Amino acid sequence: MEQRARYDFKAIEARWQQDWAARDLFRTRLDAGRPSFYYLDMFPYPSGHLHMGHLRNYTIGDVISRYHVMRGENVLHPMGWDAFGLPAENAAIKHQTHPDPWTRRCIEQMHEQLNMLGISFDWDREVNTSSPDYYRWTQWLFLRFFEAGLVGRQEAAINWCPSCATVLANEQVLKDGTCERCSALVAKKRLEQWFYKTTAYAQRLLDDIDQLDDWPDAVRTMQRNWIGRSEGFQFAWPVVGSELSFEVFTTRIDTVYGVTFMVLAPEHPLVEQLVAGQPQEAAVKAFVQQVLGGDQFARQAADAPKEGVFTGAFARHPLTGAEVPIWLANYVMMDYGTGAIMAVPAHDERDFAFATKYQIPVVPVILPEGETVDGVGLPYLGDGVQANSGPYNGLPNRPAMVKMAEDLESAGTGQRTVNFRLRDWCLSRQRYWGCPIPVIYCPACGVVPVPDDHLPVLLPTDVAFTGEGNPIASSATFRQTTCPHCGAAAQRETDTMDTFVDSSWYFLRYASQPADSAFDRAELDRWMPVAQYVGGIEHATMHLIYARFFTKVLYDLGLVGCQEPFARLFTQGMVTKEAWWCDAEKKWYTAAEQLDAAGRTPQGHATERIVKKMSKSIGNVVAPESICDSYGADTGRCYILFVGPPEAEAEWQDEGVSGVHRFLTRLWRCLVPPAGAWLPDWRAQLTDLDEPARAVRRKLHQTIERITSGIERFALNTSVAALMELVNVVLPFVEQRIGSSATLADRAVYSEAAEVTALLLSPFAPHLADEIWAATGHHGSTYEATWPVADATVAKAARVTVVVQVNGKVRARLEVEAGVDEAAVRAAAAELGPVVAALAEQPVRKAIWVPGKLLNLVT
RNA sequence: GCCGAGGUGGCGGAAUUGGUAGACGCGCUGGAUUCAGGAUCCAGUGGCCAUUAUGGUUGUGCGGGUUCGAGUCCCGCCCUCGGCACCA
């Protein structure tokens, strides 16, 4: 009868999920006197399909959350949906559905898939950024930013597909600069757009990175570089023979006497006026078209050919009065600095390459110590002494830089400035499926914000999804409105917000969801800042900077009490899987069985094995549902943790899953069926244990230590391995000793092991843990129990292995009492054959002793 | 290109602070059980050389260095992955 019993994961998981739901087990506990712990996962875009990245993220989170609950804390562990965005709009065009019901259906599906995994989310706090009761408050926050002067309008370029007559996202533009849908050449178009003034917070965003001690250094470094503070000098260059001038920013004012040409970015606003009616006009316009149409990354490559065109205009050097030609070039970017540079070919690699190509003079003005103007190797990028620099000749360039800046400043020619690489955040999107920007354009009053009591500005439903233009503008009712000020006919803004706006404050809405405000301050004070945030490394800069920016603004407005939203951050790696690319057939193969032993296709073509992020386009996707179906959620959860360190990329291997399933099966077999051996008062019976029984207890208590510290350190892969090792010790003990004739002492050891294992397993495989819990006579769930504490005395090994090295090479191993001293080990080592042979009668010059571990004899 | 991360057996990975390289799992090999397949169990498993239970030697992307001792620290290369502002 026992023979036929099986680990029926389907019945076990269904039973416990039902039990947890019936008892509302995961509702956020708010007991007074317990510490609060806010655990946050990055919420998903509801594609309708849970993927392995989600499984990984939410399993990590569930382990952390459940652990903290068992440690006696009040834990906030919410989930929601980043539900606005491009895919729903694309689906609307493709399937002629409306994004709203489509998104709701997707959410329902994913909700079910998440429940199947047994994650301990408090669904009472679910948020959906695309629902009016959420985006109403996104709009409300926009208005607060507006009042604070932190929203503005500027011109910015967008990708415009002339054939689709629509704006394209960067990812919709292919590498060759064509539209992914119709292959037409994509143009750049300038539009007035809304911006959040992130640059106003650049310095604080940078400074406060120092406080984020519990963030990965890699993320902090990436953010510092993203913000990109640089100190330099900004000054105007007048255009010869005109009233025009343009601003230039440089970090190398010491090289200003070496300027031999000026460069404007092709998209610089001055370009049109400079060339209007000039002979160069046609050539310049053609060049601008060519650069802006191309791949913008390729444009930034240092080895990309430097291309440029002379405008025919000249600028006057503010110090020497010389006339300097003004060029356009592909290597100057409009979005950094002022979009214009003073070019110093002698001391800048890119300027040098450009000057060489177009035969522009090169004038060295910084010389290395002891070098002459004629002898210096160019371009010279290092420090040195000023030359060709008028009154500054002979000065070392560093102090010269300071002096020149001071002199220019006092002469009224420009000023020292700090420049940030960070740009203002363009939040306008010419799309339907986003949060409408709550602004009205009145012919008389101008830009008028929608009053708070008119919120939400709802997305219209009478729209057509044709793939042309912004669907919102096709609504007969949306755009026309009246001015809230004067009542005259006016027009609504049809742009919607970037979805990063929605995700910049969702963590505040989780803490409380009042109907009449965005959030409740008292609840924010209870939970914020987030104690632990976990999500993909791909969000290291953008999302995490935007959310920090929002929090700082809301702090300044008195709406939240903390300046940083996320106290501790952990970034998980992606989930990848192997696939084989056949270059001859231009085709992916996803199963090794399709290929022969040499990796050739049925058509005989060679393939290349590539490990890539799971994606639909390759077809190397494994759905968490299929794993739940054939192995169970507990197996899926343990496997995704076991596969590798959470911060690293994880390669999914189908064969690996069965190994983890086998482990859970063994665990079940070991601890569930022999439940008759359970002794409720096992603590009293742990006396007179023989060595095998003591070994089981030792391993058990060592495992408590390992898993506790493993969870604290996010070493979840080794925590699962520790559970496996434990089972490898407990199972033989159970099989040999726990039968009808088991002694009281053995039953006590078994009982302790069963109870503690259930608790240790609980965060990882909660269904099986509760099954063991029930089988050993407990009521309720391990979720309600207390995390075990290791007994250090029991965990301590009685004997240790000491390695004996001669000159750093291992020659022997000694098994000795723990706590043995150096003298004893040296004496024992001197008797060992291999050690004696290795010493070859040479005197021991020095001995290195690492207590309990290693003895190294140096001759 | 710029910024960030990583490279350890046939494979995924382990190795708190420089101290036994390869835990745990997959795969593979041999054996047990089974009508069969599967499942399960036992033993072995980095390479090379030898073989008497055993031993020697080599080994953490490549080339140098520091150290009694380096996967770990330093210098220089190569390769792979993530982000680069309208994917989220």
Side-chain angles (χ1 to χ4, degrees), chain A residues 6 42-45 47 82 84-87 156 158-159 167-173 198 216-219 221-226 228 296-304 331 335 421-431 498-500 502-503 536-543 545-546 571 573-574 576 578 610-613 639 642-645 647-660 662-663 665-666 669 709 713 715 717-718 720-725 728 735 801-810 813 834 845-848 850 853-859:
Chain A
R6 290 182 47 230
M42 288 186 186
F43 65 166
Y45 175 79
S47 62
D82 190 11
F84 276 136
L86 203 52
I158 46 94
N159 303 309
V167 176
L168 298 181
N170 287 344
E171 72 158 7
Q172 296 176 300
V173 182
T198 40
D217 284 335
V219 175
T221 307
M222 280 191 258
Q223 292 213 350
R224 282 194 189 98
N225 293 335
W226 185 266
Q296 297 301 306
F297 280 145
R299 184 180 159 192
Q300 287 173 44
D303 54 357
Y331 71 94
D335 20 293
R421 205 189 72 100
L422 181 77
R423 309 204 297 258
D424 280 336
W425 170 13
C426 179
L427 68 110
S428 290
R429 297 291 181 272
Q430 293 73 41
R431 300 186 193 288
D498 177 8
T499 55
F500 275 123
D502 310 321
S503 55
I537 181 69
E538 65 273 17
H539 294 291
T541 46
M542 304 180 66
H543 161 62
I545 286 189
Y546 293 143
T571 51
M574 296 180 319
T576 61
E578 65 184 352
I610 292 173
V611 178
K612 277 232 183 246
K613 179 176 179 171
Y639 177 66
F642 181 66
V643 69
E647 68 278 10
E649 229 170 66
E651 187 186 328
W652 182 274
Q653 295 190 321
D654 291 324
E655 308 78 39
V657 181
S658 55
V660 171
R662 212 167 300 163
F663 150 66
T665 304
R666 280 154 59 85
R669 205 172 65 224
S709 91
R713 293 179 296 123
N717 51 330
T718 54
V720 175
L723 283 166
M724 288 175 170
E725 285 185 43
N728 290 344
E735 282 177 341
T801 305
V802 171
V803 170
V804 182
Q805 296 183 336
V806 177
N807 293 324
K809 281 196 177 210
V810 178
R813 295 182 168 81
R845 229 169 9 93
K846 187 167 144 190
I848 283 118
V850 182
K853 279 197 168 167
L854 173 140
L855 177 72
N856 186 11
L857 304 172
V858 184
T859 58

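Since we're looking at a predicted model, the values are computed, not measured.
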Whether A:T198 side chain and A:R423 backbone form a donor-acceptor pair below 3.5 Å: yes
Rounded interatomic separation in angstrom, taking CZ from A:F500 and C1' from B:A85: 8 Å
A:M724, nearest nucleotide to its side chain (from B:C24, B:G19, B:C86): B:C24
Quiz item: A:R224 side-chain donor-acceptor pair to B:C3 base, under 3.5 Å: no
Test item: A:N807 side-chain N/O and A:T859 main-chain N/O as donor-acceptor pair under 3.5 Å: yes
Sugar-phosphate only, base, or nothing, as touched by A:M42 at under 4.0 Å among non-hydrogen atoms: nothing
Parallel, tilted or perpendicular: rings of A:H543 and A:F500 (30°, 60°): parallel
Closest listed nucleotide, where the reference is the side chain of A:T718 and the choices are B:A14, B:C24, B:A88: B:A14
Residue-phosphate contact under 4.0 Å: A:K809 side-chain N/O, B:U58 OP1/OP2: yes
Base-paired stems that RNA chain B participates in, counting runs of 3 or more Watson-Crick or G-U pairs under 3.5 Å: B:1-7 with B:78-84, B:10-12 with B:24-26, B:27-32 with B:40-45, B:46-49 with B:55-58, B:61-65 with B:73-77
Phosphate OP1/OP2 of B:A39 contacted by A:R6 side-chain N/O (<4.0 Å): no
Spacing of A:Y45 atom OH relative to B:C87 atom P, expressed in whole Å: 13 Å
B:C41 OP1/OP2 closer than 4.0 Å to side-chain N/O of A:R666: yes
Sugar-phosphate only, base, or nothing, as touched by A:A540 at under 4.0 Å among non-hydrogen atoms: nothing
Gap in Å between the two P atoms, one belonging to B:C26 and one to B:A39, rounded: 12 Å
B:C86 phosphate, OP1 or OP2, under 4.0 Å from A:R429 side-chain N/O: yes
Minimum-distance nucleotide (side-chain atoms of A:D498 versus B:C86, B:U40, B:G19): B:C86
Between P of B:G25 and CG of A:N717, the distance in whole Å: 14 Å
Phosphate-side-chain proximity, A:N728 and B:C24, N/O vs OP1/OP2 below 4.0 Å: no
Candidate nucleotides B:U20, B:C86, B:G4, ranked by approach to the side chain of A:T801 - the nearest: B:U20
Euclidean distance, atom CG of residue A:N170 to atom P of B:G83 [Å, nearest integer]: 13 Å
Interatomic distance, A:M574 CE vs B:G6 C1' [rounded to whole Å]: 12 Å
Polar side-chain atom of A:R421 near backbone of A:W226 as donor-acceptor pair, under 3.5 Å: yes
Touch class at under 4.0 angstrom, heavy-atom based, for A:L857 against every strand present: nothing
Length of the CG-C1' vector between A:N807 and B:U20, whole Å: 17 Å
Sugar-phosphate only, base, or nothing, as touched by A:W425 at under 4.0 Å among non-hydrogen atoms: nothing
Sugar-phosphate, base or nothing in reach of A:P645, heavy atoms under 4.0 Å: sugar-phosphate
Value in whole Å for how far the P atom of B:C81 lies from CD of A:E651: 13 Å
Length of the line joining A:I545:CD1 and B:A88:P, which is rounded to integer Å: 18 Å
Under 3.5 Å donor-acceptor pair, A:N225 side-chain atoms to B:C3 base atoms: no
Heavy-atom donor-acceptor pair, A:N856 side chain to A:G808 backbone, under 3.5 Å: yes
Any donor-acceptor N/O pair under 3.5 Å between B:C86 base and A:Q430 side chain: yes
OP1 or OP2 of B:G82 under 4.0 Å from side-chain N/O of A:K613: no
Test item: A:V720 and A:Y639 side chains (from C-beta on) under 4.5 Å apart, heavy atoms: no
